[in-house]
A.B. asks: 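Just passing along the structure, written as structure tokens.
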Amino acid sequence: MARPADVPIPDSPESPYPIKTGVCEIVCGFGRGSAELGIPTANVPFEELPESVGGLPLGVFFGFARLQKSAPKEARNMQRQDGTRVHFNYGQRLTDNDLRVLPVVLSMGLNPFYHNKAKTVEIHVMHKFDHDFYGAQITFTILGYIRPELDYTTKEALIEDIQTDIQIAEKALSSPEYAKYQNL
Ligand SMILES: Cc1cc2nc3c(=O)[nH]c(=O)nc-3n(C[C@H](O)[C@H](O)[C@H](O)COP(=O)(O)O)c2cc1C
């Protein structure tokens, strides 16, 4: 399964990991994750992450996250540049099952395939949700690094690599030395 750019994953988290974030707000990304890739991601503002994240390489990481409902505010709708509408429900439809500590893969960087101008932090929660949760909050712990971000000639190649990232993360997070961070 190893790909040329993969970084070997140690048997347990090594410095600077684990990196635990504070509570971050889930904002609106470009919306391609769900629509184009079939891999939904929760975007959080880079500025809300701890300072130590600034020293990390750009690329793909794994860890655990927990979602939280946010105090209901007035309903907010946003329109993306491509015209699609985003409804902020602040996580009010999340169930107890969705609010457990869940495994994640996350991408931090400029998404060279999409030529983004600003750094984004996108978290794919490895769990089946029945509803969106824009405006909810997320706290997460980064436990390791999988690979640098890459450019691709096709969308299919990007999707295939993200699927492999998910398998690598699942395997690492199920080993006892990583799984214990689920409870910390
Ligand atoms: C695990 C994971 C790995 C990713 N790796 C890359 C990558 O190597 N190169 C890249 O251009 N984008 C990568 N992405 C980012 C996707 O391109 C991104 O999720 C997509 O642009 C959707 O973003 P949006 O929902 O803000 O539109 C990755 C995303 C995830 C979740």
Side-chain angles (χ1 to χ4, degrees), residues 1-9 13 17 19 21 24-49 53 56-67 76-89 91 98 102-129 131-136 138-174 178:
M1 176 161 46
R3 300 161 295 181
D6 283 352
V7 173
I9 295 176
Y17 312 106
I19 296 178
T21 72
C24 304
E25 196 200 346
I26 296 171
V27 297
C28 176
F30 293 103
R32 301 170 300 221
S34 289
E36 280 187 29
L37 305 179
I39 304 166
T41 55
N43 291 47
V44 301
F46 195 79
E47 310 76 62
E48 290 190 12
L49 302 185
V53 169
L56 297 179
L58 300 184
V60 182
F61 303 79
F62 62 93
F64 289 111
R66 190 199 285 277
L67 292 162
R76 191 166 116 210
N77 289 294
M78 278 186 51
Q79 189 159 7
R80 293 196 176 97
Q81 274 174 353
D82 66 2
T84 53
R85 300 195 76 79
V86 178
H87 174 65
F88 274 64
N89 62 17
D98 302 330
L102 297 166
V104 295
V105 265
L106 54 134
S107 155
M108 267 195 278
L110 292 165
N111 298 355
F113 184 66
Y114 286 107
H115 310 289
N116 285 2
K117 300 264 182 306
K119 242 192 245 184
T120 61
V121 185
E122 301 176 38
I123 305 164
H124 170 69
V125 185
M126 290 143 67
H127 176 75
K128 166 92 183 63
F129 294 94
H131 303 282
D132 281 341
F133 42 86
Y134 290 103
I138 189 165
T139 313
F140 56 100
T141 304
I142 307 174
L143 293 174
Y145 182 63
I146 298 178
R147 64 170 174 93
E149 59 175 356
L150 301 171
D151 198 358
Y152 294 88
T153 47
T154 65
K155 192 174 69 181
E156 289 68 31
L158 169 62
I159 295 172
E160 196 182 319
D161 254 1
I162 298 178
Q163 298 295 3
T164 303
D165 297 330
I166 292 171
Q167 287 171 24
I168 292 173
E170 268 170 358
K171 182 161 178 263
L173 293 169
S174 63
Y178 285 93

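Atoms within each ligand, like the ligands themselves, are counted from 1 in listed order. Values in this document were obtained by computation on a predicted structure and should not be read as measured data.
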A.B. asks: Under 3.5 Å between any N/O of Gly33 and any N/O of ligand 1: does that happen in this structure?
C.D. replies: yes
A.B. asks: Any chance the rings of Phe133 and His131 have centres within less than 6.0 Å?
C.D. replies: no
A.B. asks: Phe113 heavy atoms, cut-off 4.0 Å: which ligand 1 atoms fall inside?
C.D. replies: 11 (O)
A.B. asks: Using a strict cut-off of 4.0 Å, indicate which atoms of ligand 1 neighbour a heavy atom of Leu37.
C.D. replies: 16 (C), 20 (C)
A.B. asks: I need the atoms of ligand 1 closer than 4.0 Å to a non-hydrogen atom of Asn43, numbered in the order shown.
C.D. replies: 26 (O)
A.B. asks: Is the side chain of Glu149 donor-acceptor paired with the backbone N or O of Ser107 at a distance under 3.5 Å, no angle test?
C.D. replies: no
A.B. asks: Report the residue from Glu122, Arg32, His124 that forms a side chain to side chain donor-acceptor pair (under 3.5 Å) with Thr41.
C.D. replies: Glu122
A.B. asks: Looking at non-hydrogen atoms alone, which of Leu158, Ile123, Asn111 comes nearest to atom 6 (C) of ligand 1?
C.D. replies: Leu158
A.B. asks: Is there a side-chain contact between Tyr114 and Thr120 in this structure, where contact means two heavy atoms from C-beta onward sitting under 4.5 Å apart?
C.D. replies: no
A.B. asks: Looking at atom 31 (C) of ligand 1, what's its closest protein heavy atom, distance included?
C.D. replies: Thr41 CG2, 3.7 Å
A.B. asks: May I ask whether Ile39 has any heavy atom positioned less than 4.0 angstrom from an atom of ligand 1?
C.D. replies: no
A.B. asks: Heavy atoms only, cut-off 4.0 Å: how does Leu106 contact ligand 1, side chain, backbone, both, or neither?
C.D. replies: neither
A.B. asks: Take the angle between the ring planes of Phe113 and Tyr152 and call it parallel below 30°, perpendicular above 60°, tilted in between.
C.D. replies: perpendicular
A.B. asks: As a test of understanding, state which of Asp6, Ile166, Ile146, Ile162 forms a side chain to side chain contact (heavy atoms under 4.5 Å, CB included) with Val60.
C.D. replies: Ile146
A.B. asks: Looking only at distances, please establish whether an N/O atom of ligand 1 is found under 3.5 Å from an N/O atom of His124.
C.D. replies: no
A.B. asks: Considering non-hydrogen atoms only, spot the tightest contact between Asp165 and Val105 and give its length.
C.D. replies: O-CG1, 3.7 Å
A.B. asks: For Tyr152, take its heavy atoms, then give the atoms of ligand 1 lying under 4.0 Å from any of them.
C.D. replies: 7 (C), 8 (O), 9 (N)
A.B. asks: Checking Asp132 side chain against Tyr134 main chain: does a donor-acceptor pair fall under 3.5 Å?
C.D. replies: no
A.B. asks: Enumerate the atoms of ligand 1 whose separation from the nearest heavy atom of Phe30 is less than 4.0 angstrom.
C.D. replies: 24 (P), 26 (O), 27 (O)
A.B. asks: Within a distance under 4.0 Å of any heavy atom of Asp165, pick out the atoms of ligand 1 and give their elements.
C.D. replies: 1 (C), 3 (C)
A.B. asks: Look at atom 5 (N) of ligand 1 and find which of Arg147, Glu149, Glu122 reaches it with the closest heavy atom.
C.D. replies: Arg147
A.B. asks: In terms of atom number and element, which parts of ligand 1 are under 4.0 angstrom from non-hydrogen atoms of Gly29?
C.D. replies: 26 (O)
A.B. asks: Nearest protein heavy atom to atom 27 (O) of ligand 1, by residue and atom, and its distance?
C.D. replies: Arg32 N, 2.7 Å
A.B. asks: Among residues at least two apart in sequence or on other chains, which ones pass salt bridge (Lys or Arg N to Asp or Glu O under 4.0 Å) with Lys117?
C.D. replies: none
A.B. asks: Can you check which of Ile162, Asp82, Val27, Leu150 brings a heavy atom nearest to atom 2 (C) of ligand 1?
C.D. replies: Ile162
A.B. asks: Name all residues meeting the salt bridge (Lys or Arg N to Asp or Glu O under 4.0 Å) criterion together with Asp161; count only those two or more places apart in sequence or in a different chain, and write none if there are none.
C.D. replies: Arg3
A.B. asks: For Glu170, is the CD atom crowded, meaning more than 12 foreign heavy atoms sit under 6.0 Å from it?
C.D. replies: yes
A.B. asks: Is the contact between Ser107 and ligand 1 made by the side chain, the backbone, both, or neither, using heavy atoms and a 4.0 Å cut-off?
C.D. replies: side chain
